[in-house]
Amino acid sequence: MKKSIINFREMVEKKEKIVYITGYDYLTAKYEERAGVDMILVGDSLGMVTLGYETTFPVTMDDMIAHSSAVHRGAPNTFIVGDMPYMSYQISNQEAVFNAGRFTKESLVDAIKLEGGTESVCERIKAISDVGILVMGHIGLTPQFAAQMGGYKAQGKSATAAMELLRQALAIEAAGASFILVEGVPAVVGKAITERLSIPVLGIGAGSYTDGQLLIYADMVGYYDDFTPKFVKRYANVGAELLKGFTAFCDEVRNGTFPDDGVHTYVIADEEADELEKILAEIK
Ligand code: KIV
């Protein structure tokens with residue numbers, strides 16, 4: 001059964017960890033649901049992982065809606081969070097609400113996520129929450145702000161920077177967010193934020209104290225290998241398995257081993273085959 005915000009609050013109270021993972025397509029989502037994950041994030045990381053862009057910037061609302069719908073079809077009983085892509089919420093509250101509404105209506109996500117802890121992002125969180133949509137804030141190493149951070153670097157590494165992240169987290173909670181995701185910070189910072197917020201705090205590269213853990217699925221199953229962040233643990237080697245299968249197929253097609261007509265081919269009754277041969281001989 002799909003979990004609700006109430007179930008997630010109860011999990012936090014009972015100190016049960018929330019399992020959160022990204023997903024971008026129907027098939028992967030199906031396996032994630034079978035494995036029993038609690039929450040799937042259709043992240044704008046799909047730009048790199050699925051669409052082959054170098055950053056998340058080119059990802060559009062239409063991309064996000066198409067992929068979130070596919071994930072919803074693959075995992076109809078799992079709570080799905082749709083990531084607001086670059087420039088879908090920055091310009092005005094009106095555009096932010098419009099795009100969050102599109103997500104909810106067109107791909108049936110259960111919550112949306114947006115990056116940043118600035119005053120204007122908090123305004124967007126309030127505007128979206130005010131129309132009844134669940135919002136997940138996202139602070140720390142936020143890829144849409146990578147240029148200002150000087151690249152994809154861990155955040156909150158000084159006491160002042162850590163206190164600024166805590167201030168942002170509290171502001172996001174006060175703005176009406178139902179969850180917050182903290183990314184790429186030392187474990188003590190993840191702990192300080194988790195202990196001071198009452199909404200569920202999810203972490204990715206934020207240590208073990210957060211209420212739940214997120215990883216990008218393609219990193220943790222060894223599928224995306226362009227770059228692997230320090231905080232990723234690899235649980236499978238899907239890339240190697242795919243390579244093995246594709247290479248064997250190439251070899252077998254080229255050397256005539258596949259298909260084996262006794263196994264991989266449809267059959268025709270002997271009399272029909274004879275009849276076909278006769279007709280073909282006549283029209284030759
Ligand atoms: O897009 C995404 O997958 C994300 C994670 C990096 C947290 O936002």
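None of these values were measured; they are calculated from a predicted model.
- Using a 4.5 Å cut-off between side-chain heavy atoms of Ile, Leu, Val, Met, Phe, Trp and Tyr, with links allowed through other members, Y24 and L27 fall into different hydrophobic clusters.
- Under the 4.5 Å side-chain heavy-atom criterion for ILVMFWY residues, a single connected hydrophobic cluster contains both V42 and Y223.
- Residues S107 and H72 form no side-chain contact, since every pair of their non-hydrogen atoms from C-beta on lies 4.5 Å or further apart.
- The distance from the OG atom of S88 to the CZ atom of F98 is 11.5 Å, given to the nearest 0.5 Å.
- Side-chain contact between V121 and Q168 is absent, with no heavy atoms from C-beta onward closer than 4.5 Å.
- Of the charged side-chain nitrogens involved, at least one lies within less than 4.0 Å of a carboxylate oxygen, so that R102 and D62 count as a salt-bridged pair.
- For the residue pair V185 and G140, the shortest heavy atom distance occurs at CG1-CA, 4.2 Å.
- Between K278 and D274, none of the side-chain N atoms (NZ, or NE/NH1/NH2) sits under 4.0 Å from a carboxylate O, so this pair counts as no salt bridge.
- Counting heavy atoms of neighbouring residues, nucleotides and ligands inside a 6.0 Å radius, atom CD of E195 exceeds 12 of them.
- Contact between I268 and A273 at its shortest, heavy atoms only, is CG2-CB, 4.0 Å.
- Residues V182 and L165 fail the side-chain proximity criterion, which asks for heavy atoms closer than 4.5 Å.
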*asked:* Would E10 and I6 count as a side chain to side chain contact (heavy atoms under 4.5 Å, CB included) here? Give the steps.
replied: CA-CA 6 Å; E10 284 168 357; I6 309 285; 3.7 Å; yes
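- Just one of D251, T247, V253 meets the side-chain contact (heavy atoms from CB on, under 4.5 Å) condition when paired with F249; it is V253.
- E183 places no side-chain N or O within 3.5 Å of a backbone atom of H138 that could act as its donor or acceptor partner.
- Considering only heavy atoms from C-beta on, M39 comes within 4.5 Å of M136 through its side chain.
- With hydrogens and angles ignored, the 3.5 Å screen pairs no side-chain donor or acceptor of E32 with any backbone N or O of V37.
- Between R124 and N93, the shortest heavy-atom distance links the atoms NH1-OD1, 2.6 Å.
- With rounding to the nearest 0.5 angstrom, the CD1 atom of I40 is 10.0 Å from the CG atom of D110.
- From E115, atom CD reaches atom OG1 of T56 across 6.5 Å, with rounding to the nearest 0.5 Å.
- Interatomic distance, CG of D38 versus CG of L202, reported as 9.5 Å (0.5 Å rounding).
- Residues Q155 and F145 fail the side-chain proximity criterion, which asks for heavy atoms closer than 4.5 Å.
- Under a hydrophobic clustering in which Ile, Leu, Val, Met, Phe, Trp and Tyr are joined whenever their side-chain heavy atoms come within less than 4.5 Å, directly or via other members, V97 and Y86 fall into different clusters.
- T50 places a side-chain heavy atom less than 4.5 Å from the side chain of H67.
- Between R167 and E164, at least one side-chain N (NZ, or NE/NH1/NH2) sits under 4.0 Å from a carboxylate O, which counts as a salt bridge.
- Aromatic pair F179/Y20: ring centres not closer than 6.0 Å.
- Shown here for P76 and E33, the closest heavy-atom pair between the two residues is N-OE1, 3.3 Å.
- Counting heavy atoms from C-beta on, the side chains of I18 and P200 come closer than 4.5 Å.
- From S68, atom OG reaches atom CG of D63 across 10.0 Å, with rounding to the nearest 0.5 Å.
- Side chain of Q213 to backbone of K17: no donor-acceptor contact under 3.5 angstrom is found.
- Distance check, rounded to the nearest 0.5 Å: CD1 of I125 to NZ of K113 gives 10.5 Å.
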*Criterion side chain to side chain contact (heavy atoms under 4.5 Å, CB included) on R9 and E13, from CA distance to verdict*: CA-CA 6 Å; R9 287 182 191 140; E13 234 161 72; 5.6 Å; no
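- Nearest approach of A29 to V71, heavy atoms of both residues: CB-O, 3.6 Å.
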*Can you list the steps and then say if F103 with I128 is a side chain to side chain contact (heavy atoms under 4.5 Å, CB included)?*
CA-CA 12 Å; F103 243 140; I128 297 168; over 6 Å; no
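- Formation of a donor-acceptor pair under 3.5 Å by the Q90 side chain with backbone atoms of M87 is found in this model.
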*Going through the distances and angles, do D211 and M11 end up as a side chain to side chain contact (heavy atoms under 4.5 Å, CB included)?*
CA-CA 8 Å; D211 300 315; M11 286 176 78; over 6 Å; no
*Please assess F227 against Y152 for the test ring-ring contact (aromatic ring centres under 6.0 Å, His included), listing each intermediate value before the final yes or no.*
CA-CA 11 Å; F227 166 73; Y152 296 89; 7.5 Å; no
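- Note on Y224: it clusters hydrophobically with F231, by side-chain heavy-atom contacts below 4.5 Å among ILVMFWY residues.
- With contacts defined as side-chain heavy-atom distances shorter than 4.5 Å, the pair P186/K157 qualifies.
- Applying the 6.0 Å contact sphere to CE of M163 captures no more than 12 heavy atoms from other residues, nucleotides or ligands.
- Ring planes of H264 and F258: tilted class, angle from 30 to 60°.
- Taking all atoms of both residues into account, the shortest heavy-atom contact from G117 to I172 is CA-CD1, 4.0 Å.
- With hydrogens and angles ignored, the 3.5 Å screen pairs a side-chain donor or acceptor of D83 with a backbone N or O of D44.
- Within a 6.0 Å sphere centred on CZ of R254, heavy atoms belonging to other residues, nucleotides or ligands number 12 at most.
- A donor and an acceptor atom, one from each side chain of N255 and T257, are located under 3.5 Å apart.
- There is no path of hydrophobic side-chain contacts, each under 4.5 Å, that joins V59 to F57.
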